[in-house]
Amino acid sequence: MLVLFETPAGFALFKVLDEGKLDKVEDLWKEFTTSDSARKVVELKAFNKFENTSDALSAATLIIDSKPTKGLRKFLQKHCEGETLAVADSKLGNAIKEKLKIDCLHNSAVMELMRGLRNQLTELISGLGAQDLGPMSLGLSHSLSRYKLKFSPEKVDTMIIQAIGLLDDLDKELNTYAMRVREWYGWHFPELTKIVADNIQYAKVVKMMGDRTNAESLDFSEILSDDEVEAQLKEAAVISMGTEVSELDLLNIRELCDQVLALSEYRAQLFDYLRSRMNTIAPNLTALVGELVGARLIAHGGSLVNLAKQPGSTIQILGAEKALFRALKTKHATPKYGLIYHASLIGQAAPKHKGKISRSLAAKTALAIRYDALGDGEDNSIGLESRVKLETRLRVLEGKELGRSAGSTKGKPKIEVYEKDRKKGAGALITPAKTYNPAADLVLGQSTEETPKKPEGASKKRKHQEAEPAGAEETIQEDGDQEGQKKKKKKKSKDSEDSPVADADGGKKKKKKSKESEEPPVATAEGEKKEKKKKKKSDSQDAKDVAMETEASGKK
């Protein structure tokens, strides 16, 4: 069995002398404690030396990717016929087996054998000293790191992060200083604040003019482009209501103006530097969103490579994390854009289209960032093409006429006429259109007073009163009870006529009144009882009279 071992100087091929010792993996390290014991286990069969550093670098990169080099394939074909090859990488062994038809072995015993070989490497390979192996390993590792990282001093995005941070700080300082100049000089010439709106022009005017009385004799045409503004300035200087200031105060105000102008000049230089660095490092990103927005995205992401790992949805809301988590916490709508909102494409869109354009722009920006970070090209063709497509999409959304557009979009989509309900070849409809039917309307809220109806309860009671038996009335005599009953009937009939009919309680009242109307027969029965009693009394009285008459006649 042979063992393939990679060194910074080349590939070494060792012959295993005693394969039985590989069965005892735990005790294998004892065989490599000394050089003499190691020579009893393995011996050097062949060595393939690298010609130069570039050859070593190419071989190392291929070995890392588990691919054998052309020189390694020739070396193994020459020395490994009919032998089993022990390798440190199983993927490399599979590749060798496929291409060279050499049986490869990779297990724990092979790895323990590799550790022993590495420990006694300088003793087993003659001519390779420890003083040479160290610098060779260090040089190869440096070359490999540079190749894998593709290091380029022109691609350092740290300068962009520092530049955009300094630019933002300068903007804040400039704003603070300019406001201080306006407030300080405003005590002497308050009208100048409204006449000159630009901070830099204001500082230049104050530095040139000094006292407002000097305005009439000075020419501000180099500073102020508009003659009307200059005329207003001179007129306001004559009738100004500001206070008088001393020469010492004006001297300090002019020094502050010098600071404002110096900071503005340095900011312009820094912006030119940032633009050149952005066009070098991220040309496609710059073509899509601009120098400032692109630099802020890189600074927020940490680096261009970190930003390339982010999806388009993350780039879209990058910078709006606080609003995003607040929306998720309160269960409201999430933000549609972050730093990307300041791009010119989103600024051109209407408010209702900003969300769609920001989503499309974020997707294209993610592709441009990945190409800038990981691609080999240095042109901005992808960024320009993406910008043209986004502008075309924006015009489509706004409904404008399209000329020649990029991609598959060639014009407005045609709107087809809906012909489902029409006969073929005729204009008449299969199903006629429905007409409005006013009779089907239902009017709610009508009161019962507008449409008065005859009370049903009164008619029923009249029928009930007519249906009363006439015999009951004939039996009633001319007593006081009969007159009282007639008065009760009149009161009940009046109450029934005055009671409302439309209410829901009317039915209940009807029932009560019908019960009350049924009470007179009871009263008539009581009258009959009283009459019977009177008749009995009269009969008994007549009987007594008859008896008394008979007694009197008997006495006679």
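Values reported hereafter were calculated over all heavy atoms of this structure, with side chains retained and with hydrogens, waters and symmetry mates removed.
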**Prompt:** Tyr341 vs Tyr337 aromatic rings, parallel, tilted or perpendicular, using cut-offs 30° and 60°?
**Reply:**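 Rings of Tyr341 and Tyr337: tilted, as their planes differ by 30° to 60°.
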Does some side-chain heavy atom of [Y] sit less than 4.5 Å from a side-chain heavy atom of [X]?
X      : Y      : answer
Lys234 : Leu218 : no
Arg296 : Asp168 : yes
Ile281 : Asp372 : no

Has [X] got a side-chain atom pairing as donor or acceptor with [Y]'s backbone, closer than 3.5 angstrom?
X      : Y      : answer
Arg182 : Leu192 : no
Asn199 : Ala178 : no
Gln316 : Lys336 : yes
Glu321 : Gly319 : yes
Glu230 : Phe220 : yes
Tyr185 : Gly210 : yes
Asn279 : Arg275 : yes
Lys354 : Ile346 : yes
Asn380 : Gly383 : no

**Request:** Please lay out, stage by stage, how Lys204 and Glu222 fare under the test side chain to side chain contact (heavy atoms under 4.5 Å, CB included).
**Result:** CA-CA 10 Å; Lys204 289 181 179 179; Glu222 296 181 358; over 6 Å; no
Taking atom [atom1] as the centre, does [X] end up with more than 12 heavy-atom neighbours from other residues, nucleotides or ligands that are less than 6.0 angstrom away?
X      : atom1 : value
Met179 : CE    : yes
Phe50  : CZ    : yes
Glu228 : CD    : no

**Message:** Rounded to the nearest 0.5 Å, what separates atom CD in Glu265 from atom CG in Leu261?
**Reply:**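 Answer for the CD-CG pair, Glu265 versus Leu261, is 6.5 Å.
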**Prompt:** Just how far is it from atom CD1 of Ile195 to atom CG of Asp226, taken to the nearest 0.5 Å?
**Reply:**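 Atom-to-atom, Ile195:CD1 and Asp226:CG are 12.0 Å apart.
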**Request:** Quick one: do Val196 and Leu233 satisfy side chain to side chain contact (heavy atoms under 4.5 Å, CB included)? Show the steps, please.
**Result:** CA-CA 8 Å; Val196 182; Leu233 189 150; 4.3 Å; yes
**Item:** Glu244 and Arg212: CA distance, side-chain angles, deciding distance, salt bridge (Lys or Arg N to Asp or Glu O under 4.0 Å) verdict
**Value:** CA-CA 9 Å; Glu244 298 294 332; Arg212 66 172 183 266; 3.2 Å; yes
**Item:** Val245 and Ile253: CA distance, side-chain angles, deciding distance, side chain to side chain contact (heavy atoms under 4.5 Å, CB included) verdict
**Value:** CA-CA 11 Å; Val245 293; Ile253 293 173; 5.7 Å; no
**Request:** Begin with the C-alpha distance, continue with both residues' side-chain angles, and end with the deciding distance and a verdict on side-chain hydrogen bond (donor to acceptor under 3.5 Å, both in side chains) for Asp249 and Ser246.
**Result:** CA-CA 5 Å; Asp249 296 332; Ser246 62; 3.1 Å; yes
**Asked** Are Arg387 and Glu391 ion-paired here, with the side-chain N under 4.0 Å from a carboxylate O?
**Response**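 A salt bridge is present here (some side-chain N lies under 4.0 Å from a carboxylate O).
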**Message:** If the condition is side chain to side chain donor-acceptor pair (under 3.5 Å), which residues does Asp55 pass it with, not counting sequence neighbours?
**Reply:**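 Asp55 satisfies side chain to side chain donor-acceptor pair (under 3.5 Å) with no residue once adjacent residues are dropped.
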**Message:** Test side chain to side chain contact (heavy atoms under 4.5 Å, CB included) on Phe271 and Leu170; report intermediate values, then the result.
**Reply:** CA-CA 11 Å; Phe271 181 73; Leu170 281 176; over 6 Å; no
